[in-house]
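Inspection log for the structure reproduced underneath, given as structure tokens.
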Amino acid sequence: MPELPEVETIARTLRGELGAPPLLGRQISSVHVLWAREVAHPEPDVFTQRAAGSTVTGIRRHGKYLLIELQAATPMVMAIHLKMSGRLDMVSAREAFTPHARVVWSLDDGSALRFEDARKFGRVWLLDRPSALLAPLGPDALTVEAEVFVQRLRSRRTRLKTLLLDQTFIAGVGNIYADEAAHRAGIHPCRKTASLTDSEVVRLHQAVQAVLCEGIAANGASFDWVYPGGHYQENFWVYGRAGQPCRKCGAPIMRTVLAQRSTYYCPTCQPLDR
DNA sequence: GGGCATGTTAGCAC
DNA sequence: TGTGCTAACATGCC
């Protein structure tokens, strides 16, 4: 599921802002690492021992990373990246140990936080501070200022779609929101950054933040078997709509492959030459 | 069985 | 040094 709006929705859920019982304020009584080979850093013994007994004092997000602040003898941060198929859910202790559960945090009220990940790409880290982990990332896509966005874009020479997916440019945009933002801005995803006019770059910045905000307002997008909950998929203008009419101009949406990812665009609303 | 998948990264070529 | 391409990670769905 996880691009910025989906991770933001999880953060809000775990803070208790969407009505569900919060993780915020709970104490972790024990940790169970169920896929020992890779999922947790540091190694499971150290991870479980250090996290047990700590209390959740904050839940933040940068790009696609969820950051859970823990208070113990020394403060720590648990960073979680869901990659392609990870999910995080508050469940009862009884429901916690499902076939794809990779890490389970048992909590002081008898509930549990469960990290499920069918494809095993997701990772969790327990850190004194997350600065080294986050250092390569660009500013968060939701809050990056227009001037910073323009300045960073002007220092890159690549195609628009490649740039939007590059987490060192801005952090949080993935394949869906990249295509939706490019369509909203009326810019072909294959355009070279150097060819973009100043007004196009400003439009792109606004489009990125608009589609991310809409995604958050819809509690994210969900489709196929991975993630239930959000409904932004009902509002896609291009993603996954190859052959269907553009909701703006009626021309059939095209699919191509760019930066090794499926890329959807409207050939009329997003002309390549200008 | 083949193709596809909301993500990232190492290795290599230019 | 920056950019781009491929393969790899591991699994499930259609």
Side-chain angles (χ1 to χ4, degrees), chain A residues 1-10 34-41 61-66 79-88 98-102 115-125 132-138 141-142 152-183 189-195 208 211-212 214-216 218-243 255-264:
Chain A
M1 74 172 274
E3 296 184 36
L4 185 155
E6 291 75 30
V7 181
E8 178 65 23
T9 299
I10 293 174
L34 305 166
W35 184 50
R37 190 157 73 79
E38 279 289 345
V39 67
H41 303 272
R61 177 195 59 72
H62 186 94
K64 302 171 191 174
Y65 285 86
L66 187 72
I80 302 177
H81 200 303
L82 301 169
K83 293 290 178 81
M84 290 287 272
S85 60
R87 325 181 17 160
L88 271 178
T98 50
H100 292 148
R102 307 300 177 201
F115 173 45
E116 285 184 308
D117 186 14
R119 289 169 68 180
K120 297 183 174 176
F121 290 166
R123 296 289 182 268
V124 301
W125 296 260
L133 186 68
L134 305 182
L137 300 180
L142 190 61
R152 295 177 73 84
L153 183 144
R154 289 300 185 205
S155 73
R156 305 291 193 101
R157 312 203 144 258
T158 184
R159 289 183 287 193
L160 169 59
K161 174 76 177 271
T162 307
L163 184 74
L164 289 176
L165 292 179
D166 185 345
Q167 303 299 297
T168 71
F169 169 57
I170 53 171
V173 176
N175 204 36
I176 292 174
Y177 293 91
D179 283 1
E180 293 296 321
H183 179 267
C190 293
R191 288 275 300 281
K192 292 290 192 66
T193 53
S195 80
V208 166
V211 297
L212 293 175
E214 288 177 5
I216 292 168
N219 291 337
S222 39
F223 51 95
D224 76 27
W225 50 282
V226 176
Y227 170 73
H231 56 90
Y232 192 55
Q233 70 280 3
E234 294 158 17
N235 300 323
F236 288 167
W237 290 73
V238 287
Y239 186 84
R241 298 190 66 243
R255 175 188 182 273
T256 186
V257 175
L258 207 172
Q260 309 139 257
R261 313 297 300 278
S262 281
T263 298
Y264 301 89

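Here is how names work: the chains are called A, B, and so on, in the same order as the sequence lines, proteins then strands, and each is numbered from 1.
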Output field dot_bracket for DNA chain B (Watson-Crick or G-U, both distances under 3.5 Å, | for other-strand pairs) contains .||||.||||||||

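Under a cut-off of 6.0 angstrom, the local environment of CZ in A/R154 is crowded, with over 12 non-hydrogen atoms contributed by other residues, nucleotides or ligands.
Listed by first and then second residue, the ring pair (Phe, Tyr, Trp, His ring centres under 6.0 Å) pairs that reach into residues 155-174 of chain A are A/F149-A/F169, sequence neighbours excluded.
Residues satisfying the side chain to side chain contact (heavy atoms under 4.5 Å, CB included) test with A/T162, not counting sequence neighbours, are A/T158, A/R159, A/L258, A/A259. Take A/K64 and apply the salt bridge (Lys or Arg N to Asp or Glu O under 4.0 Å) test, not counting sequence neighbours, and it matches no residue. A/A36 is linked by a side chain to side chain contact (heavy atoms under 4.5 Å, CB included) to A/P44, counting only residues two or more places apart in sequence or in another chain. Taking A/R261 as the reference, nothing meets the salt bridge (Lys or Arg N to Asp or Glu O under 4.0 Å) condition, with sequence neighbours excluded. Checked against salt bridge (Lys or Arg N to Asp or Glu O under 4.0 Å), A/R152 has no partners two or more places apart in sequence or in another chain. Partners of A/A40 by side chain to side chain contact (heavy atoms under 4.5 Å, CB included), not counting sequence neighbours, listed by chain and number: A/V33, A/F47, A/V124. A/Q260 meets the side chain to side chain contact (heavy atoms under 4.5 Å, CB included) test with no other residue; sequence neighbours excluded.
A close approach under 4.0 Å does not occur between any side-chain nitrogen or oxygen of A/T162 and OP1 or OP2 of C/dT3.
With both ends at atom P, the span from B/dT6 to C/dT3 equals 24 Å, rounded to whole Å.
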Heavy-atom contacts, protein to nucleotides 9-14 of chain C, under 4.0 Å, summarised as B (base), S (sugar-phosphate only) or - (none) per nt, yield BBBSS-

With B for base contact, S for sugar-phosphate-only contact and - for none (protein heavy atoms under 4.0 Å), nucleotides 8-14 of chain B reads B------

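Backbone-only contact: A/Y239 has heavy atoms under 4.0 Å from sugar-phosphate atoms and none from a base.
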Polar atoms only, N or O, under 3.5 Å: list the protein pairs with nucleotides 1-3 of chain B and their distances.
none

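Aromatic ring centroids of A/F115 and A/W35 lie 6.0 Å or more apart.
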